[in-house]
2 protein chains.
Amino acid sequence: MTETSGTSVRFPAPVTLRVIAEEIGVSVSTVSRVLKAQGDDATRWASAETVARIRAYAKSREYRPHPHAASLRTARSGLVGVLVPRLQDFVLATVYEGVEEAATEHGYSTFVTNSLDDPANKALRTEMMLQRRVEGIIFGDAHHHDPLLSAFAERGTPFVLVSRRSGDYVSATCDDLLGGALVGRHLVEAGRRDLAVLAGLPFASTAIERTSGAVDAFTEAGLHVAPERIEWGPFDAAGGRQAAEKILSRRPYPDAIFATNDFAAIGALGVLRDHGLRVPDDIALIGYNDTPLAAEMPTPLTTVRSPMHEMGRRGIELLIELLGGGTPDSERLTPELVVRQSG
Amino acid sequence: MTETSGTSVRFPAPVTLRVIAEEIGVSVSTVSRVLKAQGDDATRWASAETVARIRAYAKSREYRPHPHAASLRTARSGLVGVLVPRLQDFVLATVYEGVEEAATEHGYSTFVTNSLDDPANKALRTEMMLQRRVEGIIFGDAHHHDPLLSAFAERGTPFVLVSRRSGDYVSATCDDLLGGALVGRHLVEAGRRDLAVLAGLPFASTAIERTSGAVDAFTEAGLHVAPERIEWGPFDAAGGRQAAEKILSRRPYPDAIFATNDFAAIGALGVLRDHGLRVPDDIALIGYNDTPLAAEMPTPLTTVRSPMHEMGRRGIELLIELLGGGTPDSERLTPELVVRQSG
DNA sequence: CTGAAAGCGCTTACAG
DNA sequence: CTGAAAGCGCTTACAG
């Protein structure tokens with residue numbers, strides 16, 4: 001009872017052009033033309049008075065064009081497909097929020113789905129997006145060498161990569177080489193000499209470039225990073241824990257650990273504690289992405305802020321350029337080091 | 001070059017019924033009927049040989065019905081809208097994964113969007129889903145008293161609530177009262193006498209019921225929980241930190257803190273450490289949801305496992321029952337206490 | 001300027 | 001059993 005009282009929002013049933021046309025006494029064509037013209041432009045299609053009546057009635061009945069009817073007629077669905085490794089991953093969820101936000105602003109709707117980084121599943125999900133008649137696709141799950149992507153490119157449907165780059169395909173990513181370098185330089189300046197890296201997924205450009213950036217910074221400082229100091233694995237807390245355990249199974253211990261992902265860093269934190277190692281006194285620990293949790297950890301995490309949301313937005317904008325026949329350049333957004341307590 | 005070699009996946013352009021009909025030499029009607037019949041049923045519409053030829057050709061050209069054309073004709077879009085407070089929230093992202101998974105299995109596609117728990121935005125997003133002609137909606141963002149929901153109910157579009165309950169609307173949720181009780185009883189048995197609760201959002205049934213469940217368990221044990229021991233706030237690390245700071249600004253300290261969300265618990269962890277308080281020796285800390293991070297914390301978190309993914313799946317199944325004219329009962333899934341080190 | 005008509009790709013009641 | 005036809009709600013070239 002209190003539930004229904006005081007309600008001002010209503011959700012009326014949809015009206016069609018024909019209903020409006022009959023009500024006003026003009027043809028469906030005229031209503032269609034008037035309603036999609038903006039401002040005074042509409043008077044090209046009807047008298048000012050008729051325009052006003054059509055608009056008023058459409059508004060009162062909350063007319064909205066049926067997207068499927070328009071889609072069928074114009075061969076433009078207004079749909080974009082988005083594939084991410086997994087929406088549970090905060091990073092990808094944030095990228096997707098940017099995608100969805102910008103898509104909506106541009107009049108597009110998006111379908112998202114998890115590919116789980118599995119080739120068979122990726123092919124299946126891509127196929128499914130195509131069945132739904134998306135005009136283009138945003139891939140957040142590209143692999144470094146990705147046969148699926150080249151097969152898809154042959155099909156001609158426009159697509160943009162976000163988060164992870166691959167080959168020369170159009171992408172909106174973070175400059176992860178720079179991000180890694182920021183970490184590497186910061187550690188060197190802080191006097192660290194022996195770096196270990198919890199590198200992440202070996203087929204992801206993010207993992208590869210963040211790792212290279214940091215390792216190169218050490219190399220430039222005359223410090224060698226041995227191959228066994230690099231552990232590849234999943235971008236999550238469990239993956240970080242496992243990689244850290246491997247690193248700490250060997251002596252001597254490194255004096256710095258770079259996890260290419262905040263969650264991996266959090267997983268490593270527990271391992272360090274279990275080994276009686278203090279952060280940053282014994283070992284510095286640095287993450288990546290500046291996830292909200294980074295600042296809230298018992299030992300606040302030094303990390304690299306990456307423009308996740310913006311990457312999603314730019315991804316859609318690039319795709320829309322592509323859909324309009326343009327040939328946009330890839331975008332590499334700038335990361336920023338956020339120094340806190342852990343390293 | 002290596003990118004394109006060895007590719008076995010192809011993404012061919014869509015074919016229409018008319019193309020198939022012309023190729024085989026039968027009418028579009030026949031092709032339509034044959035293709036949507038399963039097994040031998042198809043021979044009701046054409047000779048076994050024709051059926052075989054149609055199917056073979058459709059398969060070779062990877063025929064897929066155009067969903068918009070079918071939608072227009074049948075007035076069934078096969079679309080479901082999903083509103084969540086925020087996809088960045090691991091819990092809702094997981095619920096959504098369940099929704100999407102089950103929807104796909106049942107031949108439905110889903111649109112998700114963030115409502116941010118803001119009434120104006122909720123109305124706007126709901127409206128947008130309706131414009132997209134969804135057949136039903138899954139709300140993951142219901143408020144305890146929700147005028148929007150009652151307004152929406154009047155419109156007649158079927159909907160199901162997930163994660164948060166409201167009134168008597170059909171929902172798939174976790175039995176949060178039980179979940180809270182499990183926490184309360186466990187703490188009482190462990191000898192804790194003075195409970196504080198980081199309660200979460202005051203308009204969310206999840207927050208309300210988890211809190212009640214725990215407080216009632218204390219009350220039943222003859223232990224009083226004073227109103228100032230309950231702090232409401234956001235379900236994230238920053239919210240948990242703030243609420244914990246308020247709790248610890250008063251003396252005496254409680255000997256147990258229940259955060260109705262793992263992320264809030266993680267935020268509280270830092271505050272406890274800053275106050276020089278040991279977990280669980282000085283204060284027990286318990287979270288909720290059994291997020292992957294809970295097990296990976298430096299002090300592994302005791303928490304309540306809630307069937308997030310399953311809630312999403314059941315939500316879609318209930319919605320599909322509703323769409324079929326059924327009158328399903330709400331579902332309350334069972335939570336489970338996971339005892340680790342923090343409490 | 002404005003309406004009638006065609007057609008996007010389907011499905012399905014209606015005739016033969 | 002099978003085809004022709006109508007029609008879902010739009011948009012847009014084509015006539016008047």
Side-chain angles (χ1 to χ4, degrees), chain A residues 13-38 40-54 57-58 61-79 107 109 130-135, chain B residues 13-38 40-54 57-58 61-79 107 109 130-135:
Chain A
V15 207
T16 65
L17 287 181
R18 188 159 57 77
V19 172
I20 300 175
E22 282 167 2
E23 177 69 21
I24 304 294
V26 292
S27 74
V28 167
S29 328
T30 299
V31 177
S32 173
R33 285 188 281 239
V34 164
L35 251 21
K36 76 166 25 188
Q38 21 230 354
D40 288 347
D41 225 37
T43 52
R44 284 175 49 200
W45 308 115
S47 71
E49 194 226 324
T50 308
V51 167
R53 286 178 60 217
I54 291 174
Y57 187 73
R61 297 294 304 272
E62 304 210 26
Y63 171 76
R64 302 281 180 269
H66 191 128
H68 296 172
S71 153
L72 211 53
R73 182 57 235 243
T74 62
R76 291 195 52 250
S77 66
L79 259 22
S109 300
L130 261 15
Q131 289 176 219
R132 290 172 187 169
R133 294 340 195 241
V134 297
E135 294 179 38
Chain B
V15 207
T16 66
L17 286 182
R18 191 160 53 78
V19 170
I20 300 175
E22 283 168 1
E23 178 68 21
I24 305 294
V26 293
S27 74
V28 168
S29 329
T30 299
V31 178
S32 173
R33 286 188 280 239
V34 166
L35 251 21
K36 76 167 23 188
Q38 23 228 354
D40 288 347
D41 224 36
T43 52
R44 284 175 47 203
W45 307 115
S47 71
E49 194 226 326
T50 307
V51 167
R53 285 178 61 218
I54 291 175
Y57 188 72
R61 298 292 305 272
E62 304 210 27
Y63 171 76
R64 303 281 180 267
H66 191 128
H68 296 172
S71 154
L72 211 52
R73 181 56 234 244
T74 62
R76 290 196 53 251
S77 67
L79 259 22
S109 300
L130 261 15
Q131 290 176 219
R132 289 172 188 170
R133 294 342 196 238
V134 297
E135 293 179 39

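These numbers come from a predicted model, not from an experiment. Note: hydrogens, waters and symmetry copies are ignored here, and every other heavy atom, side chains too, is used.
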Closest to side chain of [X], choosing from [options]:
{"X": "B:Ser29", "options": "D:dA4, D:dT11, D:dG9", "value": "D:dA4"}
{"X": "A:Ser27", "options": "C:dG9, C:dA4, C:dC10", "value": "C:dA4"}
{"X": "A:Thr16", "options": "D:dT11, C:dC8, D:dC10", "value": "D:dC10"}

Quick one: [X] [atom1] to [N] [atom2], roughly how many Å, whole number?
{"X": "A:Leu17", "N": "C:dG3", "atom1": "CG", "atom2": "C1'", "value": "14 Å"}
{"X": "A:Leu35", "N": "D:dG9", "atom1": "CG", "atom2": "P", "value": "16 Å"}
{"X": "B:Arg132", "N": "D:dC10", "atom1": "CZ", "atom2": "C1'", "value": "19 Å"}
{"X": "B:Arg33", "N": "C:dT11", "atom1": "CZ", "atom2": "C1'", "value": "9 Å"}
{"X": "B:Arg18", "N": "D:dA4", "atom1": "CZ", "atom2": "C1'", "value": "15 Å"}
{"X": "B:Glu22", "N": "C:dC10", "atom1": "CD", "atom2": "P", "value": "13 Å"}
{"X": "A:Arg73", "N": "D:dC10", "atom1": "CZ", "atom2": "P", "value": "13 Å"}
{"X": "A:Leu72", "N": "D:dT12", "atom1": "CG", "atom2": "C1'", "value": "14 Å"}

A:Thr74 vs B:Thr43, nearer the 5' end of DNA chain D by closest nucleotide: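 Looking at DNA chain D, the more 5' nearest nucleotide goes with B:Thr43.
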Which residue lies more 5' along DNA chain D, comparing B:Ser47 with A:Arg64 via nearest heavy atoms: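 The residue whose closest nucleotide sits nearer the 5' end is B:Ser47.
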Counting C-beta onward and ignoring hydrogens, is there a side-chain heavy-atom pair between [X] and [Y] closer than 4.5 Å?
{"X": "A:Tyr63", "Y": "A:Leu17", "answer": "yes"}
{"X": "A:Ser77", "Y": "B:His68", "answer": "yes"}
{"X": "B:Thr16", "Y": "B:His66", "answer": "no"}
{"X": "B:Val31", "Y": "B:Ile24", "answer": "no"}

CD-CG distance between B:Glu62 and A:Leu130, expressed to the nearest 0.5 angstrom: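 Nearest 0.5 Å value for the CD-CG distance: 9.5 Å.
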Distance (rounded to the nearest 0.5 Å) between B:Thr30 OG1 and B:Ile54 CD1: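 Separation between the atoms: 6.5 Å.
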Sugar-phosphate only, base, or nothing, as touched by A:Ala46 at under 4.0 Å among non-hydrogen atoms: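 Sugar-phosphate: the residue A:Ala46, judged by heavy atoms under 4.0 Å, touches backbone atoms but no base.
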Using a cut-off of strictly less than 4.0 Å, decide whether [X] has a side-chain nitrogen or oxygen near OP1 or OP2 of [N].
{"X": "A:Thr30", "N": "C:dT2", "result": "no"}
{"X": "A:Ser32", "N": "D:dC10", "result": "no"}
{"X": "B:Tyr63", "N": "C:dG9", "result": "no"}

Exercise: do B:Arg132 and A:Ser109 side chains pair donor with acceptor under 3.5 Å: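 Present: a donor and an acceptor within the cut-off.
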Dot-bracket line, read 5' to 3' along DNA chain C, where crossing pairs take [ ] and | marks a partner on another strand, Watson-Crick or G-U under 3.5 Å: |||.||||||||.|||
